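Shown next, in structure tokens, is the structure this report addresses.
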Amino acid sequence: MADDDRSPEDEFQEMLRNLLGQGGSLGPEQLERLSAMGVDPAMLQQMMHHLQGAFAAGGDGGVDWSATRTQALHLANKDGHGISAGDRQDFSEAFALATLWLSEATTISDLPTPPRALTRGAWVEATLPVWQELAEPVATSVADALTAALESQAPEEMQSMIAGAGRLMRTVGGSLFAAQLGAVVGKLSLEVVSGGDVGIPVMPDGEAAILPQNFADFGRDLGIDDEQLALSLATRELAHARLFRHARWLRLHVISQVTDFARGIHVDTDALEELASRFDPSQPEELRQALESGVLLPQRSEAQAAALSRLEHLLATIEGWVDVVSADATTRLPAADRIAEAVRRRRAVGGPAEQAMASLVGLELRPRRLREAAAMWRAITDAVGADARDSLWDYPDLMPTPADVDDPAALIGRLRARARGEAPERDEMDDALDALLASAAAGDDAGGTTGEEPGDARGRRDDGPEGPTPV
């Protein structure tokens, strides 16, 4: 194709290739063409210089999460401190004793892998996959919205050229968000004391850990000796990890509720367009600050408010159980009540995950009814014992509802009736199941097949990874 036959779009894309492939330089002829198209050559060259790395990394237009890992590890490891052999030994002994105490307080079995002391950097490496899973829906939304906003600000004659660089702009938005996630996780690594400290299951399944580097900061103002503090925190961490390993459905339940909330997020396009109108790609700090502050996330929708209510109930139910079981396991510690109260207060104001999730997805991870949930678990324990109490985690349908938190009496009555072998009261699900079975029987009489054993459908529930669980 002769030079005279090339469209402005062809020329623009050729210039992008030259900028990105030749160290950000353009020839005199190309600079003249840019000026003729009304584009500031110096600005474009500077923009390409800053964004070369992002363009190369995001080959498919997706989010390059390597920036997240780099930024998070930079913050986590900046002090250069490790874990001494003495600290490892102390926490190993605390975990060993906490394991024995916890086995007296719950019927949920021990972990298959030994708990461990982690550095901040090792915590980042272990938890990063979950943070990326939680943040990806929002990262995609931010990248899409940034591209759309920049396109809306461009003159009509520039639209085809902007579209030619659409993948680049999408990569910019995703890369900025990935870097923001790295900053959030890196700062979080300076605060968290244990794997379960965040409140959501960010550690790999069946693993428990304490971060000795942050342990001293947690107990500095409590006036409690380190041995009691380590035993108490080790017990809570083991209880949290045991629960999520026992109830395999629970991990997916929590993560899916957070990601469902995140997928409902839409970026405030008015705010983003106003930002895009003055956006200097060579100085993306203003956009990064907007992402970190959450200013681009509008008020949550009704559906998100309902999802948040469900998630808060779930988190409070989990934390309430951990509270009660840990309290029963640590009765030998004189300062156990003071430590538990310090942990509750820390969680009540949001805990170390509050700023992280608020800035990333506009979500406040506060178990607002933690004390009420703990009171419910205490009432259940006193009434029917640890075995019946812990059986409520065997399947999602058995979990206490918000109404049970308000008044545990009905739940306790059901558990006592089940212990006596009495059939539970019928509900709408039973009626619907009977109707389904009746319809299937009618189909069989007509020569059809249901492919399902009526006895299995009536008598058992499928619990996913845990397998069928008797009603």
Side-chain angles (χ1 to χ4, degrees), residues 50-80 118-147 167-192 195 197-204 207 209 211 213-214 254-256 258-259 261-263 265 267 281 284-297 351-363 365:
H50 283 273
L51 300 180
Q52 273 182 316
F55 185 80
D60 60 355
V63 179
D64 174 24
W65 293 110
S66 63
T68 302
R69 180 177 181 276
T70 300
Q71 177 72 356
L73 288 176
H74 169 71
L75 293 174
N77 297 326
K78 64 180 181 179
D79 63 5
L118 287 183
T119 63
R120 293 164 176 165
W123 179 86
V124 166
E125 296 277 17
T127 63
L128 206 51
V130 173
W131 292 115
Q132 291 175 192
E133 182 180 357
L134 295 176
E136 189 159 15
V138 186
T140 302
S141 176
V142 168
D144 290 344
L146 177 62
T147 303
R167 181 164 64 90
L168 173 62
M169 303 317 299
R170 186 180 303 276
T171 301
V172 173
S175 296
L176 285 173
F177 191 88
Q180 182 214 357
L181 174 61
V184 168
V185 175
K187 291 175 183 176
L188 200 56
S189 73
L190 307 180
E191 301 178 31
V192 292
D197 197 15
V198 177
I200 56 177
V202 294
M203 288 290 292
E207 292 192 18
L211 282 69
Q213 291 167 290
N214 300 336
V254 174
I255 297 296
S256 63
V258 176
T259 53
F261 180 97
R263 289 190 184 98
I265 285 177
V267 175
E285 188 60 32
E286 185 176 6
L287 178 57
R288 181 177 293 110
Q289 291 174 353
L291 290 171
E292 291 177 355
S293 67
V295 70
L296 298 181
L297 302 180
E354 179 72 14
Q355 181 183 358
M357 297 307 296
S359 62
L360 288 174
V361 298
L363 178 62
L365 284 178

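Start at 1 with the first residue, then count along the sequence. It should be emphasised that the depicted structure is a prediction, and the values quoted were computed from it without experimental measurement. As a basis for the values below, the full set of heavy atoms in this structure was taken, side chains included, without hydrogen atoms, waters or symmetry mates.
Across every non-hydrogen atom of A126 and M203, the tightest pair is CB-SD, 4.3 Å. Counting all heavy atoms, side chain and backbone alike, D197 lies closest to E191 at OD2-O, 4.2 Å. Counting all heavy atoms, side chain and backbone alike, L118 lies closest to A209 at CD1-CB, 3.5 Å. Closest non-hydrogen pair, L75 versus L190, comes out as O-CD2, 3.7 Å. A pairwise comparison of heavy atoms in V130 and V202 identifies CG2-O, 3.6 Å as the closest pair.
Annotation: side chain to side chain donor-acceptor pair (under 3.5 Å) contacts of N214 (sequence neighbours excluded): R120. Annotation: side chain to side chain donor-acceptor pair (under 3.5 Å) contacts of E125 (sequence neighbours excluded): R69. Evaluation of the side chain to side chain donor-acceptor pair (under 3.5 Å) rule for T127 yields W131 as partners, not counting sequence neighbours. Under the side chain to side chain donor-acceptor pair (under 3.5 Å) criterion, E207 pairs with R116, sequence neighbours left out.
Looking only at side-chain heavy atoms (C-beta outward), W65 and L128 stay at 4.5 Å or farther from each other.
The line from OG of S189 to CG of L73 is 8.5 Å long, rounded to the nearest 0.5 Å. Of the inter-residue distances, the one linking W123 atom CH2 with L188 atom CG reads 4.0 Å to the nearest 0.5 angstrom.
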